[in-house]
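Comments concern the structure below.
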2 protein chains.
Amino acid sequence: MGATDGDIMDKNAMDKDAADKNASADKRETGTLGKLMVLLDIVTHADGPMRFTDILSVAGQPRGTLHRQLGHLTEEGLLEVLADGRYAPGLRLLDLASRSWARNEFRLIAEPHLNALQQLTGETVHLGVLRGASVIYLDKVEGSQPVRMYSQIGNASPVYCTGVGKAALSALPDDQLDAIISSVSFLRFTENTLTPETLRSEITDIRRSGNAFDREEHEVGIRCVAAPVCSEDLSFVGGVSVTGPAYRLTLERLEEWALPVRRAAESIMSGMRIGLGPRR
Amino acid sequence: MGATDGDIMDKNAMDKDAADKNASADKRETGTLGKLMVLLDIVTHADGPMRFTDILSVAGQPRGTLHRQLGHLTEEGLLEVLADGRYAPGLRLLDLASRSWARNEFRLIAEPHLNALQQLTGETVHLGVLRGASVIYLDKVEGSQPVRMYSQIGNASPVYCTGVGKAALSALPDDQLDAIISSVSFLRFTENTLTPETLRSEITDIRRSGNAFDREEHEVGIRCVAAPVCSEDLSFVGGVSVTGPAYRLTLERLEEWALPVRRAAESIMSGMRIGLGPRR
DNA sequence: AAATTGAGTTCTGAATAATGGAACTATCGG
DNA sequence: CCGATAGTTCCATTATTCAGAACTCAATTT
């Protein structure tokens with residue numbers, strides 16, 4: 001079930017009588033851009049390059065229209081046409097993202113603390129941020145191995161089965177928490193994957209202890225300990241985590257690193273207050 | 001295809017009036033999307049987050065229009081509004097890029113060969129591809145250090161002063177080569193940075209020997225040896241390189257690695273023939 | 001070889017969304 | 001309180017996008 005776009009209907013704004021404030025609601029009012037982004041999503045989320053017709057069958061646009069749209073996307077470098085005519089994501093995206101990543105202020109603030117935490121634990125350290133009902137990994141610091149970069153960065157994962165995700169949730173006020181929990185469909189990845197109920201009770205624990213754990217809830221053999229990181233105004237809600245294989249991250253080891261992880265989170269938060277707080 | 005302009009200007013606008021606007025062929029025929037992408041470029045290329053007014057002053061759009069455009073970009077997650085109202089690149093870009101990177105077929109084919117080359121040399125290995133008059137790095141494999149990911153991947157660099165760039169150029173037919181050379185303005189990064197003339201003569205050498213070198217032409221203290229990688233139909237034109245500090249990469253060492261680099265390039269190309277050649 | 005299908009491209013009046021100018025609201029500094 | 005600077009909303013005008021059909025081109029089938 002693709003959680004694709006929701007609604008696109010909003011014809012005729014018969015604005016006779018006055019306006020209600022458009023409070024929340026998730027009406028995409030992004031006009032042309034919105035339609036193009038849907039296409040971009042279709043192509044980037046596909047398993048591989050797509051032919052014109054493949055796209056046509058899922059895009060719900062007339063052929064001529066789709067053709068022009070793909071043309072525009074291609075001309076801008078957001079898509080690429082392979083030799084055989086199929087469409088793949090374009091390199092322009094890499095360029096944009098690398099800039100956006102390099103200058104991200106949260107990431108820059110967190111960077112030294114992530115490195116320190118990696119040194120201390122020897123395991124892989126992540127910084128993630130909540131976006132909607134997903135966690136996007138903003139940075140990742142690994143130990144030795146000739147690394148697979150990008151391996152995780154930029155990836156979106158479900159909130160309810162990652163340490164960073166649960167940590168982030170614990171920082172939210174209840175109403176937002178409820179909104180997210182009710183909007184997510186809980187897939188069962190492993191034996192230990194949480195349900196809405198167990199998630200709620202875990203959140204309570206996290207708020208008390210300051211640490212979130214992932215005990216093979218997302219992937220068998222992978223554990224992690226995390227702590228929430230957020231800015232005061234909640235413009236940033238995320239977390240730091242230390243992740244590793246279960247044979248190294250025994251349950252005792254997780255407890256042992258709970259404090260250092262919390263400390264790192266605190267350092268990052270105080271860095272944010274300094275770096276972002278005062279007027280600029 | 002045709003004139004694939006699309007490249008975005010080089011960095012560091014040094015003195016040099018260089019009043020000539022880049023090829024006036026600003027025939028962006030991408031309608032609304034084109035305008036939005038210009039904005040996105042403005043924000044991602046800036047040194048930091050920009051206020052509405054900052055953008056207004058360079059975007060050349062009326063306030064109301066700009067306001068709506070930024071609103072759309074923000075709503076789609078391509079831009080983000082910070083707590084103080086300034087605009088920064090959005091996280092959606094990371095998500096899109098990580099997908100586009102992970103599935104890139106050229107990168108996937110090259111990956112094992114890059115790793116092997118890194119193992120052999122112990123230095124940093126790059127895979128880059130030509131796009132317009134720039135080189136975009138598609139992958140990077142480093143040795144040990146707790147890595148700075150994204151550090152280079154996705155970055156666009158000038159063709160004329162990187163090993164990969166020169167290698168890529170050498171694979172092009174003369175007319176395309178001429179087009180690129182004449183479209184680029186040659187900034188002088190170091191003592192050794194090439195000029196259009198020296199570049200041309202180097203290209204001749206590269207075509208003969210099969211290797212391109214960067215002898216501190218982009219950055220003092222950094223050298224590299226590269227070899228061209230391209231698909232038969234030139235839908236992919238790029239290169240592989242081994243890069244490192246001058247004190248380790250002596251000139252003799254560069255020569256020593258010239259052959260392994262060429263070999264890696266050949267392996268990648270034969271992988272492409274298998275992987276991309278037959279119909280799919 | 002002619003006919004048929006499938007895939008992709010181009011064209012057009014009609015409909016929709018973007019434009020740009022101005023008026024409006026905050027917020028700040030004195 | 002006033003005058004600036006910064007950001008937001010409104011709305012008639014205009015330019016872009018839309019949708020559908022007609023067209024090209026190549027690969028299959030008869």
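To find a chain, count down the sequence lines: A is the first, B the second, and so on, and within it residues start at 1. What you see is a predicted model, and the numbers here were worked out from it, not measured in a lab.
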Give the rounded distance in Å between these two atoms: [atom1] of [X] and [atom2] of [N].
| X | N | atom1 | atom2 | result |
| --- | --- | --- | --- | --- |
| B/H72 | C/dA18 | NE2 | P | 6 Å |
| A/Y87 | C/dA7 | OH | P | 14 Å |
| A/L36 | D/dT16 | CG | P | 15 Å |
| B/D84 | C/dC28 | CG | C1' | 15 Å |
| B/L66 | D/dA6 | CG | P | 14 Å |

Can you tell if the side chain of A/F106 reaches within under 4.5 Å of the side chain of A/V129, non-hydrogen atoms only?
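Of all side-chain heavy-atom pairs linking A/V129 with A/F106, none is under 4.5 Å.
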
Check whether any side-chain heavy atom of A/L79 sits under 4.5 Å from a side-chain heavy atom of A/T44, and report yes or no.
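SC-SC contact between A/L79 and A/T44 ruled out.
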
How many angstroms lie between CZ in A/F52 and CG in A/L66, if you round to the nearest 0.5 Å?
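Output value for this atom pair is 4.5 Å.
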
Between CG of A/L40 and CZ of B/R99, what distance do you get to the nearest 0.5 Å?
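Here the interatomic distance stands at 11.0 Å.
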
Take A/D54 and A/L33, find for each the nucleotide of DNA chain C with the closest heavy atom, and name the residue whose nucleotide sits nearer the 5' end.
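Result of the comparison: A/D54.
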
OP1 or OP2 of C/dG8 sitting under 4.0 Å from any side-chain N/O of A/H67?
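So the side chain of A/H67 is outside the cut-off, no N or O lying under 4.0 Å from OP1 or OP2 of C/dG8.
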
For a quick check, with a 4.0 angstrom heavy-atom cut-off, what is the B/S/- contact string for nucleotides 19-27 of chain C, read 5' to 3'?
BBB------

Please identify each residue that fulfils salt bridge (Lys or Arg N to Asp or Glu O under 4.0 Å) with A/R51, with sequence neighbours left out.
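So A/R51 forms a salt bridge (Lys or Arg N to Asp or Glu O under 4.0 Å) with A/D54.
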
Salt bridge check, A/D41 against B/R92: does any charged N sit closer than 4.0 Å to a carboxylate O?
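Result for this pair is yes, salt bridge flagged.
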
